[in-house]
Amino acid sequence: MKIPSSLKKHGCGRAVLAGFALLVCAPFSHAADDGMNAAWTSFNGERIGNAGPGGYARITRKVGEVVWDKETALPLEIVFTTDQRFTDGIIGQTWRFPLMESSARVLANHILRWETPGGGVFIFRPYNPYGEDTMTDSRGLWRADIEGDKVLITSLQNPSVRFVYEREKLREFSVGKPGEPTHQYSIGYTTSGLPETLIDVNANEAVAVLAYGSDGKTVEAISSQGNVYRLHYAQEIFPPVTGRQYLLAFLATPDGSKETFTYGMAETDKPRQVLRPDLTTFECPALPIGFMNAIIQGIKQSTRYEWCSHTGLMVRDNQGEYAVGNPADDTCARELLGIQENYAQDIARCGGEVPFYAVSYKKEGESNAVLLSYDARIGEINRQANGQDTRTYSRIIPGGFYTREEVRQKLNEEGQWEEVSHAYFDKEGRLARRDYPDGRVSTLRYEDDKNGQWKRTYINGALTKEERIGEPISKE
């Protein structure tokens, strides 16, 4: 569908990028990944099953997609979340449209809070080598540049992926693979400041158009590439937190099917599992649960999602049980873990980001659980997939040439974890060095001459590989 002329005035076009101060990073490739998918997936925050960042319920429904080549597409999703850091928006109570409602807000002490297009929350702090107007997030994956009321957020894994915000709202973003032309998108807004159109600037057409209901604040239809999704709301309040009387009751899809959502509260006599920082499990007393049932028209069995009514942390779904450790929101965990009152100060210093959380998800009939832990205070992520004998730690290194390290480990025959490799990344997010247990040291140098940009790999000082990764920056 072509962009209506009346809507073109809401889009910011390419001028925003042209007038924005931008430091271009050299392309970066991690292992076999070209940086494209890694950049897109990283802004979602960490997720296991139906537990999103922090262990809160995160339930998604697809309402379209943004396709920019044959290999890669960004799903357009609406998201149900019990994370109270988010306020109600254009999809009513407790639901959000992350891409269209994404924002970047500067808080006190030069901290930047990014509600990402994927539904996560990232926190940026000033990074001294760049200056106070340039920041990196606590995971070391993104860089933010601030100029007046504009914020540019660029992936350090693939600088072709970047987002431009003006007066806190997402105005434009670009995607692409390293060394290839980028694809530009912009978001148009209504005269009252609500998101209305997602525009493919290259093709000069609207990818998605939102239609609002009689209240002028709640979306009733989403049109995407010829398909129309219709949203209907119940006039009730659940949970009684915001007082807003719009709750998504059913979603009608283009194929004619309808998914109905019902919500409620229930008592439970089953203790809730909680993770300690050392990832051992203990039980908390049973508390009332909140639940959502989702049923597709014509199918008798519904999908049920349950979370703790006091904290919003996932408890179980149709497939398995969750154990969550999140002292920021969990009074039971905070008391049993002996965490002091200064934990609240840690949260304030992190700009609202949860300083520590861990999620374990065990499906029925499986012996091992998917496990994730994240500690913003040291920038560490530990990920261990179901049934695997390998794990990866990622840590931030303050200051210096290396800014992030990544340790890969595997279980040996004695059941002990042993190091497989130890990688270091530079301030541009590029792999700079990898150490191996056998004594090999692989270093990577990123250089530029009149023939192009190069990535050269050295093993113990000897050049072993040379790759051209972009057009030349230098003219000499």
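Nothing fancy with the numbering, it's 1 onward along the sequence. All of these numbers come straight from a predicted model, not from anything done at the bench.
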Full working for salt bridge (Lys or Arg N to Asp or Glu O under 4.0 Å) between E168 and R105
CA-CA 5 Å; E168 301 183 357; R105 181 174 298 116; 3.0 Å; yes
Atom CZ of R167: over 12 foreign heavy atoms under 6.0 Å:
no
Does W95 have its ring centroid less than 6.0 Å away from the ring centroid of F86?
no
Ring of F291, cation from R304 - is the NZ or CZ under 6.0 Å from the centre and inside 45° of the axis?
yes
Look at the aromatic rings of W114 and Y165 and report parallel, tilted or perpendicular, splitting at 30° and 60°.
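Answer is perpendicular, since the angle exceeds 60°.
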Shortest non-hydrogen separation from K270 to A286 and the atoms involved
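Closest approach of K270 to A286: O-CB, 3.6 Å.
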Write down the atom of A234, the atom of A249, and the distance for their closest heavy-atom approach.
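Taking every non-hydrogen atom into account, N-CB, 3.8 Å.
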Contacts of V315 that satisfy side-chain contact (heavy atoms from CB on, under 4.5 Å) - sequence neighbours left out:
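Expected list: R272, C308.
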Using atom types as modelled and distance alone, determine if a side-chain donor or acceptor of N326 lies under 3.5 Å from a backbone N or O of G54.
yes
Looking at T311 and L313, would you say the former's side chain and the latter's main chain have a donor-acceptor pair under 3.5 Å?
yes
Hey, are the side chains of Y185 and S174 touching, using non-hydrogen atoms and a 4.5 Å cut-off?
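Result no, sub-4.5 Å side-chain heavy-atom pair not found.
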Quick one: list whatever passes side-chain hydrogen bond (donor to acceptor under 3.5 Å, both in side chains) with D255, sequence neighbours left out.
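Only T253, S257 meet the side-chain hydrogen bond (donor to acceptor under 3.5 Å, both in side chains) criterion with D255.
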Between Y361 and D317, is any side-chain donor less than 3.5 angstrom from a side-chain acceptor?
yes
Less than 4.0 Å between a side-chain N and a carboxylate O, is that true for [Y] and [X]?
| X | Y | value |
| --- | --- | --- |
| E306 | R316 | yes |
| K410 | E419 | no |
| E220 | R230 | no |

